[in-house]
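Every chain is numbered from 1, with letters handed out A, B, ... down the list of sequences.
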Number of protein chains: 2
Amino acid sequence: MVNYAPPELDRTFSALSDPTRRRILTQLLQGKRSISELAKPHRMSLPAVMKHLDVLSDAGLIARKKTGRTVVCTLQAKPLQNTVDWLLQYRRFWEERFDRLDAYLAHVQQGESDS
Amino acid sequence: MVNYAPPELDRTFSALSDPTRRRILTQLLQGKRSISELAKPHRMSLPAVMKHLDVLSDAGLIARKKTGRTVVCTLQAKPLQNTVDWLLQYRRFWEERFDRLDAYLAHVQQGESDS
DNA sequence: GCTATAGTTCACCATATGGTTAACTATGCG
DNA sequence: CGCATAGTTAACCATATGGTGAACTATAGC
């Protein structure tokens, strides 16, 4: 039922393995951003950031929409859901019971006001 | 509170990005295995599997214990927990509500008899 | 039309990754 | 001892990855 063979998980986990790309996703967590806005905080050239965005696009983690001369990127989190599904197979190995996840959900349930 | 800067997440996600390594973890989900037992199902040389095991060790995802001439590997899932913590930041982007996780936990709560 | 800004593409480079084969060490056992 | 089994190490190879600078296209605006 979980299974999740290679093709898609490969790209997702691989995309997430780079700190620059994780940081880009974190930037997008706060809303849509243009490419140059995304690039600004990173101490590397624009083409380098472009390559990271390509990797994120290939993994289906971002979408780009061109408006005028600027390209706006948005987060696409469905692939992340698949990785969580896969990872949760191992839950019982990191905790006898799932206290932490329980606590997390309790915390979340009473804090839906943001967004 | 979540943050999780680079160093450890890099290695964990990178280790998970290879299908052979994910399959090894899946093998270990069913209990401890020797290196040659782990290697058998994979269509590659033993040294190749050894390299994958090195990557998994460096990421803290497996532990090895030598007994006699055989080395037994066991799953170490704490790093996986960290990746889940990081990924759950994005939960609200893949679902308006967290129905799926809810359902998962409900399912799990009444099925603790295995292991 | 000219120029500045936004993004893209290309050629290049160093290093990492994932595999191989061959040769080695270490333990079990008849 | 002698040999088989378990695992390790080393040298090598092809390709992927993450970065660079230079040159290009496309839109905005005076």
Side-chain angles (χ1 to χ4, degrees), chain A residues 5-28 31-75 79, chain B residues 5-28 31-75 79:
Chain A
E8 181 180 321
L9 278 186
D10 281 15
R11 279 193 297 272
T12 310
F13 279 127
S14 183
L16 293 173
S17 71
D18 184 275
T20 299
R21 288 193 289 265
R22 284 200 307 279
R23 193 171 174 202
I24 289 172
L25 293 181
T26 301
Q27 290 176 273
L28 292 175
K32 51 184 62 172
R33 294 284 185 272
S34 74
I35 288 182
S36 41
E37 282 173 333
L38 286 175
K40 212 160 300 171
H42 302 275
R43 307 206 287 136
M44 64 182 69
S45 64
L46 228 206
V49 173
M50 290 286 300
K51 284 198 190 180
H52 286 298
L53 294 177
D54 288 344
V55 173
L56 290 169
S57 294
D58 290 349
L61 287 168
I62 63 169
R64 294 143 130 159
K65 180 152 179 282
K66 183 162 188 171
T67 314
R69 68 180 157 177
T70 81
V71 174
V72 169
C73 298
T74 55
L75 189 57
Chain B
E8 180 180 321
L9 278 185
D10 281 16
R11 279 193 297 272
T12 310
F13 279 127
S14 183
L16 293 172
S17 71
D18 184 276
T20 299
R21 288 193 289 265
R22 285 200 306 280
R23 194 172 173 203
I24 289 172
L25 293 181
T26 301
Q27 290 175 273
L28 291 176
K32 50 185 62 172
R33 294 283 185 272
S34 75
I35 289 183
S36 42
E37 281 174 335
L38 287 174
K40 211 162 297 169
H42 302 276
R43 308 206 288 136
M44 64 182 68
S45 64
L46 227 209
V49 173
M50 290 286 299
K51 285 198 192 182
H52 286 299
L53 294 178
D54 288 343
V55 173
L56 290 169
S57 294
D58 290 349
L61 287 168
I62 63 170
R64 295 143 129 159
K65 181 153 178 280
K66 183 161 188 172
T67 313
R69 68 178 159 180
T70 82
V71 174
V72 168
C73 298
T74 55
L75 189 56

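- Distances shown here put a side-chain N or O of B:S36 below 4.0 Å from the OP1 or OP2 atom of D:dG7.
- Of the inter-residue distances, the one linking B:S17 atom OG with A:D10 atom CG reads 7.0 Å to the nearest 0.5 angstrom.
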Could you go through B:K32 and B:C73, starting from their C-alpha distance and side-chain angles, then the distance that decides it, and tell me whether this counts as side-chain contact (heavy atoms from CB on, under 4.5 Å)? CA-CA 6 Å; B:K32 50 185 62 172; B:C73 298; over 6 Å; no
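- Looking only at side-chain heavy atoms (C-beta outward), B:Q27 and B:P41 come within less than 4.5 Å of each other.
- Of all heavy-atom pairs between B:E37 and B:S34, the closest is OE1-N, 2.9 Å.
- Comparing A:R43 and B:K66 against DNA chain D, the residue whose closest nucleotide sits nearer the 5' end is B:K66.
- Side-chain proximity of A:L46 to the nucleotides D:dT8, C:dG19, C:dT8 is greatest for C:dT8.
- Residue whose closest nucleotide on DNA chain D sits further toward the 5' end, between A:S45 and B:R64: B:R64.
- The side chain of A:R69 sits closest to D:dA28 out of C:dG7, D:dA28, D:dT8.
- The interatomic distance linking A:L38 (CG) with C:dG7 (C1') rounds to 13 Å, in whole Å.
- For the OP1/OP2 pair of D:dG18 and a distance below 4.0 Å, the side-chain nitrogens and oxygens of A:R21 include at least one atom meeting the criterion.
- Rounded to a whole Å, the NZ atom of A:K51 is 13 Å from the P atom of C:dC13.
- Minimum atom distance to the side chain of B:T70 is reached by D:dG7, of the listed C:dG19, D:dT8, D:dG7.
- Counting only heavy atoms from C-beta on, B:H52 has its side chain closest to C:dG19 among D:dG18, C:dG28, C:dG19.
- Across the interface with DNA chain C, nearest-nucleotide mapping of B:V55 and B:P47 shows B:V55 to be the residue nearer the 5′ end.
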